[in-house]
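Let me begin by presenting the structure, written as structure tokens, before commenting on it.
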There are 2 protein chains.
Amino acid sequence: MPNSTARSQKRPTISDVAKLAGVSKVTVSYVLNGHSVSARISPATQEKVSRAADELGYRPSVIARSMVTGRAETIGVVFQDPLYFAVRSDFIREVMHGVNLAAVSVGYDLLLHTKPVPNALVECSVLTDGRVDGVLILRNRDDETLRLLLEQGFPSVLFFSRSDHEHISFVDCDNYGGAVLATEHLVSLGHRQIGMVLGHHASTSSSERLAGYCDTLNRSSIEFDGRLVMRPTPGNEFQCIRNFIVEQKPTAIFCISDLYAIYTLMVANDLGLRVPEELSVVGFDSLESCERSNPPLTSVRQPVLEIARKATEILVSMARNEKVESRRVIFPTELDIRQSTAPPIR
Amino acid sequence: MPNSTARSQKRPTISDVAKLAGVSKVTVSYVLNGHSVSARISPATQEKVSRAADELGYRPSVIARSMVTGRAETIGVVFQDPLYFAVRSDFIREVMHGVNLAAVSVGYDLLLHTKPVPNALVECSVLTDGRVDGVLILRNRDDETLRLLLEQGFPSVLFFSRSDHEHISFVDCDNYGGAVLATEHLVSLGHRQIGMVLGHHASTSSSERLAGYCDTLNRSSIEFDGRLVMRPTPGNEFQCIRNFIVEQKPTAIFCISDLYAIYTLMVANDLGLRVPEELSVVGFDSLESCERSNPPLTSVRQPVLEIARKATEILVSMARNEKVESRRVIFPTELDIRQSTAPPIR
DNA sequence: GTACAATGCAGAATCGATTCACTAGGCGCC
DNA sequence: GGCGCCTAGTGAATCGATTCTGCATTGTAC
């Protein structure tokens, strides 16, 4: 019958193993960490120690080890917003999958920081409290926290965003190029009234994508019209998109994300607008849901999984070398043409 | 210019604060942990200590604290499969969202264990290595690991599954009732050839749902036909579903998950079968993607977010009380009727 | 004026590992 | 036979906190 009020069995410690094997704790540590060669432990002793450890089912306390080594074999992940998983999009799942893949392959665990922090200073000291060897930061832009971490020489990598700061490492996709691809596609189909739907917060990605959109219009001799760029208010996306379509009458819309593009498809359906005949829609990310939308969504593909994985790999290598070299990687984007885009009808 | 080869500034420790405040480490600890009343520290000293701590930007090392208190204010999350995030479904995102919500509100962080483990014994000792105060387990069924954790009195909660073991805590939905709702719906529409698509691994959820399906057929005097129940082979879901439809010619299919239901919609589309006229499809989970599928998917709703949240709350209360009372919660299910079900055509 | 309690704070042990520096014993070499 | 070197392993310090116990000092009562 299990004891219901306390942990019944205590975990064996290194001392228990030492006692059973008839050696000192030090020897146990050397054997189990494979430093036996440098510390010259005889095969016989090694055998004794291993057997004792097995018998007791001994596992070193990660906490105790971290205390002395200063390493935790764990990396932290922080999001723009503590409730990032609330966003109804497959994006975050794919990000976590990439991070997880890389973490599994290098044997690092993942810590999701959830505790609210009042400011960057506190956040920085929370992140560097010893539980993680580095942090992956999913933010809209670099911020004070990132600079503080950098100052302390604490390994950190920004991903899905970027920074002008010389020493901040990041992994991102070619947002500008992706927006150019999307806009050129619409222009080449004959669209002139091309709207753009942005996200509700400013981010390096959204400004780059906006720049790609504007520059392409320019190069195509289409005059930029500020009214054709819309930023929905949070919680009111559908109404905003609806009003935008009704008032501005774009023949095509380039959306900042697949999520917003799918919202746009739903609004169009609601308004009785046929896609792509009466309205072309292009998304960004090209997540799997693009294939399941009605109609399947033309979208700019960024390699979400690869970005997440690369960022994690860079972070781990920074953590392992105990030095912070700034590294930055930009992945190319491609256009996945599906069935939500077509020439405008006259 | 940031030092690029080493952590330039060391984090202040409790000793630094003590030195600056002109008191002992002990006093600092008492003041900062609010034990100042029981330890009787004068307001003047408290003030001095607080100011010193602020000035240095001191934060206690969570690692060092964990060493002595044995608590970490962190909970572990383990999945059936280390690459659980690979499954292309919104389910896991919603689960993480629920867990995250509860964790945020109680101030616990989340540790995702990714390291592969050879067996339950090792897994158990990895989970109890001091970094987390309890674990949330997302598995198809209870297993050896769960029993070992229980034996050690280590707080753990199984979710989205259940156990016959008297002392194992779990949070799940009413799978049987949900399956009954789905099947009754199809029967009441006039279907007699009702197929069921299972997941590719055995789980308590799938056997309960299967039981609900079978019992409902029985009560409706429809003879159970084993050929109408299909378990797709992993990686080959589309082909399996396709063959199943072609060979068994069901007029309706109840799927174990929304993901498989959406696959079924895609296969039907591929085969030129109109849904719901020629084939009715019901899913399970009623995730948001049901509203975006073509046609919108009728599905059994389980409160994924609530289940995840409740499991986390139970776990935290177990961890805080330092005792393990077995608790089990079953949430009801409902049927969300959308547009993928209709009477069969003759 | 003395005894005793309350107050305010600090010393030292502890948690479970790692790592530096050192020792005890055996051996070869001149 | 003495010196030094290699081998195999250990003692003690350390990481940064918490917590139990102890010890002055001051205040109060008789």
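On a predicted model such as this, the values are computed, not experimentally measured, just so you know. Convention: sequence-line order gives letters A, B, ...; per-chain numbering from 1.
Comparing A:Ser29 and B:Lys48 along DNA chain C, the residue whose closest nucleotide (by nearest heavy atom) sits nearer the 5' end is B:Lys48. Residues B:Val28 and A:Gly22 each lie close to DNA chain D; by heavy-atom proximity, the contact nearer the 5' end of the strand is made by A:Gly22.
Following rounding to the nearest Å, B:Arg65 (CZ) and C:dC15 (P) show an atom-to-atom distance of 19 Å. Rounding to whole angstrom units, CG of residue A:Leu56 and C1' of C:dA17 are separated by 16 Å. Atoms CZ (A:Arg40) and P (C:dC20) sit 14 Å apart, rounded to a whole Å. One can place CZ of A:Arg71 at 15 Å from P of D:dC15, the figure rounded to the nearest angstrom. Across the protein-nucleic acid pair, A:Lys25 atom NZ and D:dA13 atom P stand 12 Å apart, rounded to whole Å. Look at OH on A:Tyr30: it is 11 Å from P on C:dA21, rounded to the nearest Å. What separates CG of A:Asp129 from P of D:dG16 is a distance of 13 Å, to the nearest Å. Distance CD (B:Glu73) to P (D:dA17): 15 Å, rounded to an integer number of Å.
Taking the six-membered ring for Trp and thresholds of 30 and 60 degrees, A:Phe79 and A:Tyr84 have nearly parallel ring planes, at less than 30 degrees apart.
When each of B:Arg139, B:Lys115, B:Arg147 is checked for a salt bridge (charged side-chain N to carboxylate O under 4.0 Å, His left out) with B:Glu123, only B:Arg139 meets the rule.
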### Message
Before you tell me yes or no, could you show the steps for B:Val77 and B:Val135 under side chain to side chain contact (heavy atoms under 4.5 Å, CB included), namely the whole-Å CA-CA distance, both residues' side-chain angles and the distance that decides it to 0.1 Å?
### Response
CA-CA 6 Å; B:Val77 184; B:Val135 283; over 6 Å; no
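Contact check, A:Ser24 against D:dT10: a side-chain N or O comes under 4.0 Å of OP1 or OP2. Phosphate contact (OP1/OP2 of C:dC9, side-chain N/O of B:Thr45, threshold under 4.0 Å): present. The shortest distance between the side-chain N/O atoms of B:Thr27 and the OP1/OP2 oxygens of C:dA10 is below 4.0 Å. In terms of phosphate contacts, A:Tyr58 brings a side-chain nitrogen or oxygen within less than 4.0 Å of OP1 or OP2 of C:dA17.
Residues B:Ser203 and B:Asn140 have side chains that never bring a donor and an acceptor to within less than 3.5 angstrom of each other.
Contact annotation for A:Ser42: backbone-only contact, meaning every heavy-atom pair under 4.0 Å involves sugar-phosphate atoms and none involves a base. Using a 4.0 Å heavy-atom criterion, one finds that B:Val62 contacts no nucleic acid atom at all. Backbone-only contact: A:Thr13 has heavy atoms under 4.0 Å from sugar-phosphate atoms and none from a base.
Ranking C:dC9, C:dG16, D:dT19 by closeness to the A:Met67 side chain, first place goes to C:dG16. The side chain of B:Val26 lies closest to C:dG11, out of D:dG11, C:dT18, C:dG11.
The backbone N or O of B:Val87 lies less than 3.5 Å from a partner atom in the side chain of A:Arg93, making a donor-acceptor pair.
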